[in-house]
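What follows is a single structure, written as structure tokens, with notes after it.
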Amino acid sequence: MRNKNFINKIAITGLIGSGKSTVGLILTKKGINFISTDELAKQAIIPPSTGYHKLLKLMGPEYLTKDHFFDTSKIAKEAFQNGSLLKQIEDIIHPIIQDLMRKKNQELLFSGQHSVFYEVPLLFEKKWEPFFDTYVVIAIDPAKQMKHLKKNRTIDIKDIKNRMRFQMSQEKKIKKANYVIWNNSSLTDLEKQVFSLINLIGVC
């Protein structure tokens, strides 16, 4: 019998370009709770929040758009070239993201939900495992990964390589995973694997 006070928090992770967001779309279309921590990061720095003012003090007004929101693409490009700056940004944003996750979990429990998927790109690298009950790695062959990145990303190859410097190897991620989904074939095949996982975990 399912514990009514428990929510299964499932983390989806994987390399950049592996297909995490595509899996999220599949889950969302199926009516399953899916939350991107990248979206939570954006919420964490919306003006006039505390996160906004802390980041503004760190980065300066030159990283704001005309509407006084942060240009997150510009910040990301700078941060992934500077590990020290990236850590300072994460020290501001990550605690806020974690608080937002806790609130969301409570909201879902209150509404009678018992499962939620989170997209967490750096789950293992940032040691966020304790926040989740299940870890799912979306794995992909390197050639297909680069094909995805060139097709779907607006950032250039140099920026992609800068980001990948901060990611654990796929082999290490797989060793830490509870489940692995391989995204080397068609969208239909990916959907089948996601639906099998849902049934296996017992998501509701």
Side-chain angles (χ1 to χ4, degrees), residues 2 6-42 72-73 76 80 97 101 104-105 108 112-204:
R2 187 180 294 274
F6 172 79
I7 184 165
N8 188 11
K9 302 171 290 296
I10 306 153
I12 296 177
T13 193
L15 297 177
I16 182 173
S18 60
K20 300 182 295 295
S21 297
T22 303
V23 170
L25 287 173
I26 294 169
L27 292 167
T28 301
K29 288 180 180 178
K30 192 75 173 175
I32 294 169
N33 298 310
F34 173 79
I35 299 169
S36 166
T37 54
D38 284 345
E39 290 302 314
L40 294 182
K42 292 176 183 178
T72 52
S73 296
F80 283 108
I97 295 174
M101 286 195 302
K104 188 62 181 178
N105 294 339
L108 290 170
Q113 303 293 308
H114 295 285
S115 301
V116 57
F117 285 80
Y118 283 92
E119 180 183 357
V120 193
L122 300 178
L123 170 71
F124 303 125
E125 292 87 341
K126 300 305 175 183
K127 303 188 185 306
W128 279 29
E129 296 99 311
F131 291 95
F132 303 95
D133 306 293
T134 307
Y135 319 136
V136 179
V137 167
I138 311 303
I140 191 168
D141 287 342
K144 187 150 190 181
Q145 177 196 17
M146 293 309 296
K147 186 178 179 180
H148 282 184
L149 288 169
K150 289 177 181 178
K151 180 180 178 181
N152 300 322
R153 298 271 172 171
T154 55
I155 55 178
D156 60 33
I157 296 299
K158 182 180 178 181
D159 288 336
I160 289 170
K161 289 181 177 179
N162 281 335
R163 293 184 184 215
M164 290 178 71
R165 289 190 301 116
F166 295 93
Q167 294 199 334
M168 181 184 292
S169 72
Q170 181 165 266
E171 290 75 17
K172 288 183 179 179
K173 288 177 184 286
I174 288 172
K175 288 179 181 179
K176 290 176 173 287
N178 299 115
Y179 303 96
V180 178
I181 290 176
W182 281 94
N183 185 20
N184 286 328
S185 186
S186 64
L187 178 59
T188 300
D189 179 70
L190 184 62
E191 288 175 339
K192 287 180 180 178
Q193 291 185 72
V194 173
F195 296 154
S196 294
L197 176 68
I198 290 169
N199 291 330
L200 193 61
I201 294 177
V203 173
C204 68

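Keep in mind that the numbers below use all heavy atoms, side chains included, and drop hydrogens, waters and symmetry copies.
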Any donor-acceptor N/O pair, Gln113 side chain to Ile7 backbone, under 3.5 Å: no
Between atom [atom1] of [X] and atom [atom2] of [Y], what is the distance when rounded to the nearest 0.5 Å?
X: Thr13; Y: Met168; atom1: OG1; atom2: CE; value: 9.0 Å
X: Phe34; Y: Glu39; atom1: CZ; atom2: CD; value: 9.5 Å
X: Ile138; Y: Gln145; atom1: CD1; atom2: CD; value: 13.0 Å
X: Ser18; Y: Asp141; atom1: OG; atom2: CG; value: 12.0 Å
X: Thr28; Y: Phe117; atom1: OG1; atom2: CZ; value: 10.5 Å
X: Lys192; Y: Ile181; atom1: NZ; atom2: CD1; value: 14.0 Å

Looking at side-chain heavy atoms only, is the closest gap between [X] and [Y] below 4.5 Å?
X: Lys20; Y: Val120; result: no
X: Phe6; Y: Asp133; result: yes
X: Trp182; Y: Asp189; result: no
X: Gln167; Y: Leu122; result: yes
X: Tyr135; Y: Lys176; result: no
X: Val23; Y: Asn183; result: no
X: Lys29; Y: Glu191; result: no
X: Ile26; Y: Lys30; result: no

Side chain to side chain contact (heavy atoms under 4.5 Å, CB included) partner of Pro121, chosen from Asp38, Ile16, Leu15: Asp38
Of Val203, Ile12, Ile10, the residue whose pairing with Leu27 passes side chain to side chain contact (heavy atoms under 4.5 Å, CB included): Ile12
Evaluation steps, side-chain contact (heavy atoms from CB on, under 4.5 Å), between Phe132 and Met101: CA-CA 10 Å; Phe132 303 95; Met101 286 195 302; 3.8 Å; yes
Centroid-centroid under 6.0 Å between Phe131 and Tyr118 rings: no
Minimal non-hydrogen separation, Ala139 against Val180, with atom names: CB-CG1, 4.0 Å
Nearest heavy-atom neighbours spanning Val137 and Ala177: CG2-CB, 3.5 Å
Heavy atoms from other residues, nucleotides or ligands near NZ of Lys144 exceed 12 (cutoff 6.0 Å): yes
Side-chain ion pair, Lys173 and Glu125, N-O less than 4.0 Å: yes
